[in-house]
Each structure stands twice: as C-alpha cells, then as structure tokens.
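Step one of this worksheet: look at the structure below.
In what follows, chains carry the letters A, B, and so on, assigned in the order in which the sequence lines appear, proteins first and then strands, with residues in each chain numbered from 1.
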Amino acid sequence: MKISLSINGTSYDTDVEPRLLLVHLLRDVAGLTGTHIGCETSICGACTVMINGKTAKSCCVLAVQADGAEVTTIEGMAQDGQLHPVQEAFWEKHGLQCGYCTPGMIMAVCGLLKDNPNPTDDQIRHGIEGNLCRCTGYQNIVEAVKYSAEKLNAQK
Amino acid sequence: MSFLAKYIGQKVKRTEDPRLVKGIGHYVDDIKLADTLHVVILRSQYAHAKIVSINTDAAKTSPGVVAVYTGADVAGKVGFVPCAAALPGLNVPKYPVLADGKVAFVGQPIAAVVATDKYKARDAADLIEVDYDPLDVVTDAEASAQSDSPVIHEEFGTNVAFTHQAGTGDIDSAFAQADKIVKEKLNHQRLAPISMEPRGVLAHYLPGEEQMTLWSSTQIPHLMRTQVAIMLGMAENRLRVITPEVGGGFGCKLNVYSEEALLGWIAMQVHKPVKWIESRRENFQATIHGRAQVGTCEIAVKNDGTLLGLRYNVTADLGAYLQLLTPAIPTLTGLMLSGCYKIPAIQMNCVGVFTNKMSTDAYRGAGRPEATYLVERMMDCVALELKMDPVELRRKNMPKPSEFPFPTATGLFYDSGDYEKALDKALAMADYQKLRAEQAEARKQGRLIGIGVSTYVEICAMGPSIALPAGGWESATVRVEPTGKVTVLTGVSPHGQGEETAFAQIIGDMLGIDMNDVLVIHGDTSIVQYGIGTFGSRGLAVGGAALVKAAEKVVAKAKTLAAHLLQTDEASLTFENGKFVGAPNDKSVSIQEVALAAYIPHNVPEDFEPGLTATHFFEPKNFTFPSGTHICVSEVDRETGDVKILRYIAVDDCGNQINPMIVQGQIHGGIAQGMAQALFEEVVYDENGQLLTGELMDYAVPKAHQLPFFELDHTVTPTDVNPLGAKGVGEAGTIGSTPATANSVIDALAPFGVTHVDLPLRPEKLWKLMNN
C-alpha cells in the first residue's frame, strides 16, 4: 500500500506491506534506529514515538495507520545541535544507564509534560508507567522529569 | 592515589549519554549491513519430546527464503553449547545448537530459517512441520531428584547433575551445643533477568580473507570469541567479536548461547551477513533464568543470640542443559552463607538437578542473593524465636573492624568491613526506635506496618583467577597518542555501568589531562587486548585496577624521557597536573610534549623504546566484600493484601567511589530488582513445562509507580585488594533489598502469626494468609 507521512519534518512516500509495523518502517525504511523494540506487545514502551503530537507505541501501530500523519522520533528532538530540555535532563540527572529504554522514555516524558507541565512525583510515576526501565529503579528518571518541567516552564 | 581530585570522587556526568539520549548509539539491531539476511528460529513447543520428523519443504520454497537448517545440518559441524564450570563428577549433557532428535525445554532451538526479510523468515518458520513424540515431563526440582522421576538425559540415568558440599567447622557439635535450633524451608523463585534489549547477533563472513565478524549483545566479547571459534572449528584470531551498545545484561549476557555459533555457521554457508534479533517471547523462553533454589536451613543458636552453626540442604534447579556457568552459581551461595556474621560451623549440601525448563545461570548477584536472602530471612526467624530485636541479634554476631581480614567457615577471607557503622547510620536515618514505637501504635489501630532490616555482605570484584573458570584478571592499555590525546583499551565490556566515564575520570586525574581528551574503547576483540569482561561487579575493581597499573607504567616511561628532555635526573622530577617539574630550576615539560618526543624520537636517551603506551594485566589477590544495611518500612493493606513501601533506606559500603552519581544509580537499580523479586516477579512453568510467564504482560517487571523513593547514604571502608580501594557496586542493591523487603512485609503480618512466606509477596498470597 502506498502511504505518505512526515517523520521529523521529512516527507516519506513509500509502498509498504499492510502488515508492516510502524516501528519497522521507522527503523528499516527511514533508517531511524533510535526507536527501540523491547517487547512487541506494547508493555515496555521502548518504541514510544509521537504521532500527531500524541505519544504512541510504534510496535503496535501499523505503518499504514500512520498514513498522512506527522511522526516525531527521538532523532527529531534535538534542534540545531542542542539537546531538547528533556534529553538534557536525563543526562544531567543520570536518568539512564544502558540507554535502551531512554528514547521511548524521553518521548513518553515529553507527552506527559505536554499534558501536565507541573506533575507531582506520584503523577510522574503514573505518567511513565507505560515505559519500563530495568536499570535505574526510576528514581533518577523522576528527578529528570522534574528538572525537565522546570526547564520547559522557564522557556515559556 | 588521591580520591578528591579533579575528577575522581566527583559526580561527573556520563560521557556515554549524549549519543544515548539522542538515540544515535548503535545496539546490534541498529547495525545495518548491505544484503543482510534475517534468521528466525523455530523453537520447541514441548518441554520434553522426541522429534520424530521435521518437514521443511514448504518453508524452503516460501517467498524470500534462502535456506532452512535443522539439527541434521549442523550435527558434527557446530560444537555443543559450552559449560565452563567444572565440578567434580559433573554430568554435562550434550547441548546442540539445533535440537538433535530430542528437545528438553520449551523454547529449545529446532530449526533456523534464513530469508531476505524478517517477516518472510517468520512466515516460513510457520510452515515447518515438526512431528513430536511427547515424553514425561519433570519441572519440580525436588521431584526431579527422586528415583521415580522421568529422566531427562538418559545417558546419566539420573537427573542429578552434581552434588556439592561446602563449609567447614564442627557442624554436629554446633547443633549439639545449641540452646535452640531454628529451621525453615525457603524457596528462591525462578526469575528472568529481562534486559530491556533482548539478545541479538549479526554475523558476517568473508570467505576470501577467511575472517568473520560477529556482533553480539554480550558482556564477554573475548570469552565469546574463544568459545565460538572452538564451536565453529575456526582459528580464534580469524574471529572478531564486536560488542556495540548493550541494552542491559544483568548476567544474562554473561553467556555463550546457541545462536552465536549458529549465526556464525550460517554466515559461512550463505556468504552474506545474517542477523538474528531475539523477540521478548524468545527472551523469556531461551535466555537464562536466575535463582531457583529450594532448601531447608537450620540455625544452631545460644539463648543469648550467639550463632553456632548453619546447615543448608538445598536443591538447585539447573534447567534442562548447562549454560556457561550454570553449576557454578549454587557454589557461590555456599561461599556466602556466613553473611556478615561470625558462624563457627557452616555446611551446605547441594544437589543440582535437571528439569524440563530453561537453564539457570548468573542473574544479578548470581548465587549471593540466595545466600543473603537465606541468612537474613533466618536472622529474623531466629530473633523471633529468641524474642530478641532483629537488629540486636545481627549486631551481636558481627565481626569488629579489627577482626579483618575476617575468616569465615566457608573458606573466605573478607577483606575489610565496618558493618556496625553502616548499621548505625541506617538506624539513625530510619529513627529505628521511633519507628518501632510507631509500628506498635499502628498495630493497635489495626494497621499492618512492617519493619525489615538486612545487613549484607557480598562477594565482588571477580576475582582471583584461581576462583574463576576462565581466569579473573583484567587488562587495560593506556596509549598516549602523538598529539597527547589518550586512548584507553579495556578488557571489560560495560553495558550501562558508565565505565567510559569512570575510566576517563581516572586517566584524567592520573595523567593530569582533560578527561574529554580520553577515549575509552571496549568490546572489540580486534582492537582491544584479551579481556575477561563485565560481571560480578568487576568492571572498576578489577578493570579499573588494571587501568591504574597501565597508567602508572606510562607515567614511569614518560618520566624517563622527561628527565632526559629537562636534562635532570628522574629522582628530582615531580609529576603534577600533567607536568613533569624538575628541580632545581623548576623547568617543566607536559606529558603531551613528552608523548610527541616519544613518537618523534630525535632527542631521547640511549636505547629508549619509541612510543608511549603500556598494557597491564591485573591479577587481584582476593575478592572484595562490599557490605551495608538496608531498612524497609512497608504497610500491607488489610482489605486487599497490597503492599505499599513507606520508606526504603540503604547505607552501602563499596569502598572508595570514583563517581558517586554512578554508584547511586547502580544502587537504585539494584534495589529495584531485588525488591521486584520480593514483591512481584516469578517465572512460572506449569506441570507440562509450558512457560506461563512468557511475555511482559505476564511477568511483573516493576513500573515506576510500584517502587518507592530510595533514601541512600554510604560508608567508606576501602579495600587493599586493588589500588583504587574500590569494592564494586553492581549487585549490592539487589542483594540487600530482597531480604529487607521480605522481612518488612513478613513483619507486617506478625499479628496473624506469620513467620515466613515464600516470595514473591503478591497481594493474593498475602490476602489468603490474612483470611485463612
């Protein structure tokens, strides 16, 4: 099936099998390997991206469902060589170790902060419950989210 | 060495992170080679069966399929999956990379489909017809040891792989002298390590050069090179193993699996790159599990709380085959049965048995969490029996700092320790006496508050070579380049531990240079000298020690040249902040200037060997023994059995800290995994050997809202085992937290007369206990 979509502002017109998962389109067709696959059952969230400004788990979305959509992946977050404040926060607060869940986690945090710019600790922990991290015990991720919120609010 | 230098001891942000937060690091599946073929592995649906026939005809003609291989194709061509652990009389079953007429666990590889595309490979795998003749199954470890059990490997006539006895001291006399004997049966449930990145292999063979490159998500690139080369019958130096970014290991990638050699062999057949990426379902079925011991512990104790002896009769569930270190794991349990206490007599009687399940092997802590959980759970049982405060029972039996190196009845010498210091610090942070008063008050109101303590010691920095099957040294090269930039080649293989940063900190301080001028390279066997790898909290404590030694050699060589350049004698030179300064006129030369002079040797001493590089293979003289105290405060919901962790306090002592930020991160993650064992996780097979927890939907890896905020502090008791004085911290959190959490929840249930509950402490189990 022919589909057109925008990924990180670049237009893609491509012919895909109807069963192709969006995550495979991103990784194998567009070559954007920052979006990871950790379970293929929507539990772990490593594949989280933004579709039309909302977070989605790209392992459970068909590429054809993204026809006409604007998709943002982790590679689209840094602008002009500058880390996005959420990326900066994960670095600053040691919110990652092996880094495998990190792109999905950062996308999920962006979605969370869009909906709730000043989350409490409890709201943060529930807000990222769709993303598993096996390294950090989440504590420094929570710290990174709070730091991100401060940075993003200061930009407003 | 100074430990409050410019970098060492500082919370330096990680140099690994920019590429990782941008999503531009490269894990195995992110490496794209032209014309790569994709491999999908068909796995056994039965836990125990004879394979009558395999029909691959339809699969072979399926669109995009290049080849389909079964056990018959690889028999005699690819060696067996290796077990490196040697125990006397060990029964080692032959473990082919593709099943040869028989399967012994669900998930065992049977056939490999090679196709142009992973979707097509998966389609074709569905077309393979396997005719199974099911055999009787045994999944219960204790039943497996009985004579009426189905036998998994007929050639042995038994499911017992080994028996192992450990410990010293007069155990019979200890029990004869006891005022009380406290006995409990404990089950350490089977766990799945669950690195977020599953395993993966990419193999590329160049027939002209007769060389192969194997990218693998592993913790042990060099050991893998040796083993896979042996399995493939190729010269080791013609195999290059590259470990790119690795998305977590936790021990499950400290192994050599079927797939590495299988992919290598396929690459040699098809002469194109071949890639296999494990799905999460495969990861549950065919990546090693951990723990899985069931046993009875008896403690002999005096009425005043003096411990006299400990006996542990245990059955270790090994699974169907032996992976790299499977039989070694329970022996580590035996080593650590003294905990952080004086116990004059200890005896472990261990039986390792085969079951129709995936192999067990090293999972974060690897044998030591089992020991610590056992000892710390038993301490609470003993305290209850003696009506002593569990903290005072522990304190009474701890060795004093002056008693180190402390010999245990398990044959170890603990290097250094100050157990009461950490205990007191944790008690003060928790305000323990006040907590107990609050608990008593809460109980009057019908609230179920529990307080759990665990004081642990563990065994790290693996280790002296004598104690490890493949040696326990580590290597490092420090290469000062002509421009003064420094390249470090380390034999360890970090996968999230941040050694690229920590090692740059060490070199930055030792050579007095900007740490950003240091590049740390690891995980490429063609670039880096042979190394052992990253496991057993050894990266810094052994790999970092090798680095220090190599850097010292570089400085010594540079000093010789500096003295020549400054026309003074070496003895009068000092080296500070990257400069050699010479008396009496204080002329100086930087290490960068010395490096250039070493590579362009126009002005050097006679017989000076050009270049400025040094390698060191560091052999530690002992393990290290990190320790600490964890305190957990929990509340059990009377209506639902749900557990809420109210506070979690951890005071850990890993010796000197190079980067406290990384240390804290390791402890956070460790506590999370240990707490997950206490509260949530369990690999469950049914009686037919079917894996019921086969996806993340069924296996309860904790989410953020299920874990508490961890309150951390530390004490510092350096070790003299290595020049950094660092003990290692990768596993400490996991080891301390399972018993602290379990003790807390079981303490909460004391009003119901509960003295022990096997893990995991899920709401359903607790609700039943409260409503029985």
Side-chain angles (χ1 to χ4, degrees), chain A residues 17 19-21 24 27-28 31-44 46 73-75 77-78 83-84 86-104 106 121-122 124-142, chain B residues 11 13-14 16-27 29-32 117-119 193-198 245-250 277 279-281 283 495-498 661-662 664-673 675 695-697 701-710 733:
Chain A
E17 272 196 80
R19 63 177 175 170
L20 184 75
L21 298 174
H24 289 141
R27 293 179 50 83
D28 301 335
L32 297 167
T33 57
T35 303
H36 299 148
I37 302 169
C39 69
E40 299 184 59
T41 52
S42 81
I43 302 295
C44 85
T73 72
I74 189 70
E75 290 92 341
M77 299 306 288
L83 293 180
H84 184 277
V86 179
Q87 292 173 312
E88 186 78 41
F90 271 70
W91 188 17
E92 186 70 34
K93 295 295 177 184
H94 190 30
L96 65 150
Q97 290 178 28
C98 83
Y100 197 76
C101 78
T102 308
I106 286 173
D121 281 20
D122 199 45
I124 292 169
R125 286 180 182 269
H126 279 281
I128 58 170
E129 69 183 9
N131 292 68
L132 296 180
C133 169
R134 193 60 157 168
C135 293
T136 64
Y138 301 105
Q139 185 149 321
N140 285 345
I141 293 178
V142 173
Chain B
K11 292 187 172 187
K13 283 200 294 180
R14 300 201 319 169
E16 293 89 340
D17 289 358
R19 64 178 188 262
L20 298 177
V21 298
K22 288 183 208 164
I24 55 173
H26 289 89
Y27 301 84
D29 197 20
D30 303 338
I31 295 163
K32 311 280 183 188
D117 166 277
K118 56 194 162 210
Y119 285 66
I194 310 296
S195 55
M196 291 318 299
E197 182 208 23
E245 302 290 354
V246 172
F250 313 114
I277 300 298
S279 70
R280 183 57 66 188
R281 181 172 288 268
N283 181 258
H495 42 281
Q497 296 88 345
M661 178 191 80
I662 291 176
Q664 285 174 11
Q666 286 291 317
I667 292 169
H668 288 163
I671 294 172
Q673 271 177 316
M675 191 175 276
E695 290 284 3
L696 285 171
M697 290 190 192
V701 171
K703 301 173 179 199
H705 69 87
Q706 295 173 308
L707 295 173
F709 177 84
F710 310 122

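- Residues that satisfy the side chain to side chain donor-acceptor pair (under 3.5 Å) test with Y27(B), not counting sequence neighbours, are absent from this structure.
- The part of E88(A) that comes within reach of chain B is its side chain, from C-beta onward, which places non-hydrogen atoms under 4.5 angstrom from that chain.
- Of the two parts of H126(A), the backbone and the side chain both hold a non-hydrogen atom closer than 4.5 Å to a non-hydrogen atom of chain B.
- With a 4.5 Å cut-off on non-hydrogen atoms, I74(A) touches chain B through its backbone and its side chain both.
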Test side-chain hydrogen bond (donor to acceptor under 3.5 Å, both in side chains) on Y119(B) and H24(A) and set out the steps.
CA-CA 10 Å; Y119(B) 285 66; H24(A) 289 141; 2.7 Å; yes
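- A pairwise comparison of heavy atoms in Y100(A) and P198(B) identifies OH-CD, 4.3 Å as the closest pair.
- For the atom pair CG of D30(B) and OG1 of T33(A), the computed distance is 4.0 Å after rounding to the nearest 0.5 Å.
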Distance-only criterion, 3.5 Å: show the donor-acceptor pairs between side-chain atoms of residues 701-708 of chain B and protein atoms not counting sequence neighbours.
unit_1: H705(B); atom_1: NE2; unit_2: E129(A); atom_2: OE1; d: 2.9
unit_1: Q706(B); atom_1: OE1; unit_2: K703(B); atom_2: N; d: 2.8

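- Interatomic distance, F709(B) CZ to Q139(A) CD, rounded to the nearest 0.5 Å: 4.5 Å.
- Contact count against chain B (heavy-atom pairs under 4.5 Å) is highest for H36(A) among E17(A), K93(A), H84(A), H36(A).
- Counting only heavy atoms from C-beta outward, the side chains of L20(B) and L96(A) approach each other to under 4.5 Å.
- When every heavy atom of T136(A) is checked against every heavy atom of H668(B), the shortest pair comes out as O-CB, 3.2 Å.
- Interface remark: of the candidates Q666(B), K13(B), E16(B), R280(B), K13(B) forms the most heavy-atom pairs closer than 4.5 Å to chain A.
- With chain A as partner, the option from E695(B), Q673(B), H26(B) having the largest number of non-hydrogen pairs under 4.5 angstrom is Q673(B).
- Scanning all heavy atoms of the two residues, the minimum distance from Q87(A) to V21(B) falls at NE2-O, 2.9 Å.
- Within the 4.5 Å cutoff, the side chain of L132(A) has heavy atoms near those of the M196(B) side chain.
- Side-chain contact between I37(A) and E197(B): absent, with no pair of heavy atoms (C-beta onward) separated by less than 4.5 Å.
- Considering every non-hydrogen atom in both G247(B) and C98(A), the closest pair reads C-SG, 3.3 Å.
- The closest donor-acceptor contact from the side chain of R134(A) to the backbone of S195(B) lies at 3.5 Å or more, if one exists at all.
- Residue I124(A): no heavy atom, backbone or side chain, is found under 4.5 Å from chain B.
- Heavy-atom minimum distance, D29(B) versus R27(A): O-NH2, 3.0 Å.
- E75(A) has its side chain out of reach of K22(B): every pair of non-hydrogen atoms, C-beta onward, lies at least 4.5 Å apart.
- Proximity to chain A is limited to the side chain of K118(B), based on heavy atoms less than 4.5 angstrom apart.
- Of all the heavy atoms in R14(B) and Q97(A), the pair that sits closest is NH2-O, 2.7 Å.
- For chain B, the nearby part of L83(A) is the side chain; its heavy atoms alone come within less than 4.5 Å.
- Neither the backbone nor the side chain of I671(B) comes within contact range of chain A, judged by heavy atoms closer than 4.5 Å.
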